[in-house]
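See structure below.
Below, chain A is the first sequence line, B the second, and so on; all start at residue 1. It should be emphasised that the depicted structure is a prediction, and the values quoted were computed from it without experimental measurement.
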There are 2 protein chains.
Amino acid sequence: MSATAHDVPVVKVLPEPENLPEPLPEPAVEELRLETVLGALSDPLRLTIVRKLLLESEAFDHSCGWFGLDRPKSSLTHHFKALREAGVTRQRQYGLERRSHVRVADLNARFPGLLDLVAAWAPDKP
Amino acid sequence: MSATAHDVPVVKVLPEPENLPEPLPEPAVEELRLETVLGALSDPLRLTIVRKLLLESEAFDHSCGWFGLDRPKSSLTHHFKALREAGVTRQRQYGLERRSHVRVADLNARFPGLLDLVAAWAPDKP
DNA sequence: TCGCTTGTACGAGTTTCATCGTACTGCATG
DNA sequence: CATGCAGTACGATGAAACTCGTACAAGCGA
């Protein structure tokens, strides 16, 4: 083994911006349809996902598990796929994980103000 | 018959602002839920209705038939009811007709910018 | 009062969607 | 290479929701 810092906490290196994994299949900006996007956002769980990404994601994409959603994995797959196929999120494969982020620029370009509504959304309060 | 203009097109007189029929049952402003409103707007026909109201309704409410939608009456009833129950439109009974308008002030207060997206929406173009 | 008009109520058929269990793939790590 | 983990694929189930035909209610006008 090398003589250099062998027990230093290892920070996982994200791929360079130039070297990102290809996004999973998604609609192009011009293909985004308002009715489809609204349909994707008309579900409380998906609103929760998108809002959490908007408010807490800072610079990084996040894997499915990061959200701490108490649902079976197959349910989560379903909803993340719905968001991606509607064009709300982009997903990339990072080794084991499939990470998501909101397509902020695309959505703001096509539907300005929409993401502000999602960020301001408050889930049911009783 | 009277001697006064008997074949002049008759403009139906709307009730005075003070004397409007009661609105049909609808959610109060505080009860409006983003996910419900988005769900109501995630249908192309309903987007068409709301957009047409926003762009062409000027000062008056409009009856179901005004929209010129080529669907059976019972289908239209379904969609107008969905819009009203989600809080997007208000409906009042004027004699025979049930007229609708968009709750612009309420929606702008709760979800600012949302109606702009609907007004800017373009239906499928092929 | 007799129709005509506007719209509802109800019900059926079809589709779409949310939910979730189970089995599977693919990768990373030891 | 063997284990474990993230997540998918597939399929079943049940609940909504869209569509629409038919029958009905209610107002308005002749």
Problem - Selection residues 67-82 of chain B - residue pairs positive for side-chain hydrogen bond (donor to acceptor under 3.5 Å, both in side chains), sequence neighbours left out - result: Arg46(B)-His79(B)
Practice task
Using the heavy-atom set of chain B and a strict 4.0 Å cut-off, write down the first and last nucleotide of DNA chain D that makes it in, 5' to 3'.
Solution key: dC18(D) to dC28(D)
Contacts of [X] that satisfy side-chain contact (heavy atoms from CB on, under 4.5 Å) - sequence neighbours left out:
X         : result
Asp116(B) : none
Ala120(B) : none
Ala105(A) : none

Completion exercise
Between Leu115(B) and Leu54(B), the two heavy atoms sitting closest are O-CD1, 3.7 Å
[X] [atom1] to [N] [atom2], straight-line distance once rounded to whole Å:
X        : N       : atom1 : atom2 : answer
Phe67(B) : dG7(C)  : CZ    : P     : 10 Å
Glu97(B) : dT5(C)  : CD    : P     : 13 Å
Arg71(B) : dG7(C)  : CZ    : C1'   : 18 Å
Leu76(B) : dT8(C)  : CG    : P     : 9 Å
Asp70(A) : dT19(C) : CG    : P     : 12 Å
Arg92(B) : dT6(C)  : CZ    : C1'   : 19 Å

Exercise for the section: Answer yes or no: is there a donor N or O on one side and an acceptor on the other, between the side chain of Glu31(B) and the main chain of Ala28(B), under 3.5 Å? Expected result: yes
Problem - Arg51(A) side chain vs Trp121(A) backbone, donor-acceptor pair below 3.5 Å - result: yes
Practice task
Spell out, yes or no, whether Tyr94(B) and Leu24(B) are grouped together once hydrophobic residues are joined by side-chain heavy atoms under 4.5 Å, including indirect joins.
Solution key: no
Apply side chain to side chain donor-acceptor pair (under 3.5 Å) to [X] and list each qualifying residue two or more places apart in sequence or on a separate chain.
X        : answer
Glu85(A) : none
Glu26(B) : Arg90(B)
Asp43(B) : none

Exercise for the section: Go through residues 36-44 of chain A and report each residue with a non-hydrogen atom lying under 4.0 Å from DNA chain D, sorted by number. Expected result: none
Exercise for the section: Could you identify which residues of residues 77-88 of chain B place a heavy atom less than 4.0 Å from some atom of DNA chain D, listed by residue number, or say none? Expected result: His78(B), His79(B)
Practice task
Please check if any side-chain donor atom of Gln91(B) sits under 3.5 Å from a side-chain acceptor atom of Ser100(B), or the reverse.
Solution key: yes
Close N/O contacts between protein and nucleotides 21-26 of chain C (under 3.5 Å):
from, atom 1, to, atom 2, distance (Å)
dG21(C), N7, Ser74(A), OG, 3.1
dG21(C), O6, Ser74(A), OG, 3.0

Completion exercise
Hits for ring pair (Phe, Tyr, Trp, His ring centres under 6.0 Å) against Phe80(A), two or more places apart or cross-chain, chain-then-number order -> Phe67(A)
